[in-house]
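Reading through the structure tokens given below for one structure.
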Amino acid sequence: MGEQLNGLKRTHMCGELTVEDVGKSVVVMGWVQRRRDHGGLVFIDLRDRTGIVQVVFSSNTSSEAFEKVQSVRSEYVLAIEGKVVKRTPENINPKIATGEIEIYADSLKILSKSETPPFPIEDKSNVSEAIRLKYRYLDLRRPSMQKNLMTRFKITQVVRDFLNRNGFIEVETPLLIKSTPEGARDYLVPSRIYPGKFYALPQSPQLLKQLLMISGFDRYYQIAKCLRDEDLRADRQPEFTQIDIEMSFVEEEDVLEINEKMIAELFKETLNIEVPLPFKRLTYQEALERYGTDKPDLRFGMELRDLSDIVSQSEFNVFKNALKNNGSVRGINAKSAASMPRRQLDELVEFVKTYGAKGLLWIQVFEDEIKSPASKFLKEEEVRGIVRRLDAKAGDLILIVADKDEIVFDALAHLRLAFGKRLNLIDESKYEFLWVVDFPLLEYDEKEKRYVARHHPFTAPKDEDIDLLEKEPLKVRAKAYDMVLNGVEIGGGSIRIHSSDLQKRMFKVLGFSEEKAWERFGFLMEAFKYGAPPHGGIAYGLDRLAMIMTGSDTIRDVIAFPKTQNAVCLMTDAPSEVSEEQLKELHIRVDL
RNA sequence: GGCCCAAUAGCUCAGUUGGUUAGAGCGCCAGCCUGUCACGCUGGAGGUCGAGGGUUCAAGUCCCUUUUGGGUCGCCA
């Protein structure tokens, strides 16, 4: 059994001791990073969340502590009392912050023993994620994970401080709410009291924050857990955290302005990076035309070019068909990639097929010739026009997709990203922010045969487009905006509808009967009757923000206890079966 | 739901054309060592080759099924 503290108090953190502390008697507590046993002399590297300090055990200093340290192993939890001593110059270790000093141990308490951990607690070992997740509490001892979670804490701290200073009020909203249609699949919670009825866990506090505006809270924020029962990705977890913000008596400009100020302050305070204001802005349409995506990575160029006009009279069937079907022909220029081997070019064809493209056409531009599998179908002037449009020089590789716009954009956007990485065009130290604005309000859902809200059903249309709502719904632009950082959508929001009439029209366009709309959103429509201020807001994906700001590849690395791709917690083994009794109480019969 | 990758010692991996007793590094255990800091030296222990089935004289290796982890398309207002 471990020893008790018995009144012993920690005086210093391991990583914070410096030459200033030389001569002091200190008490440090932490975990054994490593033991180096030299027989008559034992070194212990003691670790806490601030860093590592070397402790020296010798029978000359304390024979009792020296005897005791013989049994100490990795990850034992120790309390050490000793004297801080300056190291002789040849013994200084420049690799650690406390390398100029060490502690001569006078006494040692073994607070807790440890079995040998299943993997070493250090950053350089690359352990499989499954094992890290099973022993997450050990994984979190690693300095990089400690740093990630501390950065995440710092982010919320700076954001809270900014919002508090600017008159925002933090309000909590419930986790057990009413299931509403639209959007992601809900996580459901059975009601014990009402057999057959269910609560839903919130996909976001959207409606509740709008109701808080109607309540007059004016400026609200919350760091809120959100839950969506959908398939997972590197940047998607079933539960994630939003920085949720809503303001009254504002228009789009007001929301954008205060939010970019907040983000600039966040990057200054957290990473000491100056973010130039205002952010760049692209309309949704422009983002698509130039980058093929509504979340472009602006750290490199390689923009898309429309080639449709150049090949409008082309005899090449692939082009002809695409244009005939109201699609387009577009391309990008992968600089200096012309000599890519055939095998790799063929892989690119497979790559674009995952995005629905039927094929990919390439043109290799060399000093004295231009090679392309389609050269016999393309007129010389067409090839010349394409080369000129894409500013292609000798050594460049032109990649062209012809199809419906949607597919062309998607395929080229992913090609652009792939080549950005492959050609090393992305400066990893850069942070390129932008707003994407003027999103379409609606899109047509082929499966459901109806219009669905692109953002959510409460998003306001642009004033000048309101009249198109019933006539040409797809042309209506929304007062909606996304904040994009390095190709990642880190936040998104909108100005909301605050009139019952407009909201009713919106529901109608979405194909909800008045009855159904009332059944689902009656509480909101009722609330609109009693004076709703103009309002709008934004929600940030805190996990994604923290992922980027820590340089992580997945949001799992900035979440203390994440789940696997199959939504399982490897540490606790959730989800798990429950007892018959529990099910019975909830009036649930399992049908497998 | 589809596609792709992976699974061999505690960890990270190698394992040839199917062929003897499955290896390495780190870690672990024991001994020695007073200036190491990824300490060193000597010795040792440690394997359901993810699971099940099949082909074969013979399977870690080939085939089928399946489980788990990761990536991705669909999905995620």
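Please read all numbers here as calculations on a predicted model, not as lab measurements. Quick note: numbers below take in every heavy atom, side chains included, and nothing from hydrogens, waters or symmetry partners. Proteins get letters first, then strands, A, B, ... in listed order; numbering begins at 1 in each.
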- According to a strict under-4.0 Å criterion, is A:Arg233 in side-chain N/O contact with OP1 or OP2 of B:C73? yes
- Pairwise 5' ranking along RNA chain B for A:Ile96 and A:Asp235, keeping only the more 5' one: A:Ile96
- Ignoring backbone atoms, test whether A:Arg35 places a side-chain nitrogen or oxygen under 4.0 Å from the OP1 or OP2 oxygen of B:C28. no
- Compare side-chain N and O positions of A:Lys95 against OP1 and OP2 of B:A38 and report whether any pair is under 4.0 Å apart. yes
- Message: Closer than 4.0 angstrom, basic N to acidic O: yes or no for A:Asp45 and A:Arg47?
- Response: no
- Measure up the A:Tyr284 and A:Phe439 rings against each other and bin them: parallel (under 30°), tilted (30 to 60°), perpendicular (over 60°). tilted
- Query: Taking side chain as C-beta onward, heavy atoms only, is A:Ser494 less than 4.5 Å from A:His456?
  - Reply: yes
- Item | Phosphate-side-chain proximity, A:His414 and B:U72, N/O vs OP1/OP2 below 4.0 Å | no
- Task: Report yes if at least one side-chain N or O of A:Arg36 is closer than 4.0 Å to OP1 or OP2 of B:A38; otherwise report no.
- Result: no
- Task: Taking only the side-chain nitrogens and oxygens of A:Asn60, find out if one of them lies under 4.0 Å from OP1 or OP2 of B:U34.
- Result: no
- Message: For a quick test of reading the model: is some side-chain N or O of A:Ser58 closer than 4.0 Å to OP1 or OP2 of B:U34?
- Response: no
- A:Thr564, nearest nucleotide to its side chain (from B:G70, B:U36, B:C76): B:G70
- Message: Output the rounded distance in Å from CZ (A:Arg454) to C1' (B:C76).
- Response: 13 Å
- Run the salt-bridge test on A:Lys225 and A:Glu239 with the 4.0 Å N-O cut-off and return the result as yes or no. yes
- Query: Are any of A:Ser128's side-chain N or O atoms less than 4.0 Å away from OP1 or OP2 of B:G70?
  - Reply: no
- Message: Can you identify which nucleotide, out of B:G74, B:G71, B:G69, has its nearest atom closest to the A:Ala234 side chain?
- Response: B:G71
- Determine, for nucleotides 41-47 of chain B in 5'-to-3' order, which nucleotides have protein heavy atoms under 4.0 Å from the base (write B), from only the sugar-phosphate (write S), or from neither (write -). -------
- Message: Can you identify which nucleotide, out of B:G69, B:U34, B:U36, has its nearest atom closest to the A:Asn91 side chain?
- Response: B:U36
- Task: Can you spot which of A:Arg34, A:Arg142, A:Arg141 makes a salt bridge (charged side-chain N to carboxylate O under 4.0 Å, His left out) with A:Glu122?
- Result: A:Arg34
- Per-nt protein contacts along nucleotides 4-10 of chain B (heavy atom under 4.0 Å; B base, S backbone sugar-phosphate only, - none) come out as ------S
- Query: Given B:U12, B:U72, B:C37, which nucleotide is nearest the side-chain atoms of A:Asn126?
  - Reply: B:U12
- Message: Whole angstroms only, please: what is the OH-C1' distance between A:Tyr355 and B:C73?
- Response: 8 Å
- side-chain N/O A:Gln565 vs B:G71 OP1/OP2, d < 4.0 Å: yes
- Item | A:Lys295 bridged to A:Asp482 by N-O distance under 4.0 Å | no
- Task: Measure from the side-chain heavy atoms of A:Glu129 and tell me the nearest of B:G74, B:G70, B:U36.
- Result: B:G70
- Item | Salt-bridge criterion met for A:Arg132 and A:Asp557 (N-O under 4.0 Å) | yes
- Message: Which nucleotide wins on minimum distance to the side chain of A:Lys447, given the candidates B:A38, B:G27, B:C75?
- Response: B:C75
- Item | Between B:C37 (P) and A:Glu122 (CD): distance, integer Å | 15 Å
- Task: Report yes if a side-chain nitrogen or oxygen of A:Arg73 is closer than 4.0 Å to either non-bridging phosphate oxygen (OP1 or OP2) of B:C29; otherwise report no.
- Result: yes
- Item | Salt bridge flag under 4.0 Å for residues A:Asp231 and A:Arg236 | no
- Mind checking who B:C26 pairs with, Watson-Crick or G-U wobble, both distances under 3.5 Å? B:G10
- Pick the C1' atom in B:G60 and in B:C49, then give their distance to the nearest Å. 5 Å
- Does OH in A:Tyr187 sit with more than 12 non-hydrogen atoms of other residues, nucleotides or ligands closer than 6.0 Å? yes
- Test: A:Arg422 cationic atom under 6.0 Å from A:Phe419 six-membered ring centre, within 45° of axis: yes
- Item | Candidate list A:Thr180, A:Leu207, A:Ile497, test side chain to side chain contact (heavy atoms under 4.5 Å, CB included), partner A:Leu524, passing option | A:Leu207
- Query: Considering only B:C28, B:C76, B:G70, which nucleotide approaches the side chain of A:Thr116 most closely?
  - Reply: B:C28
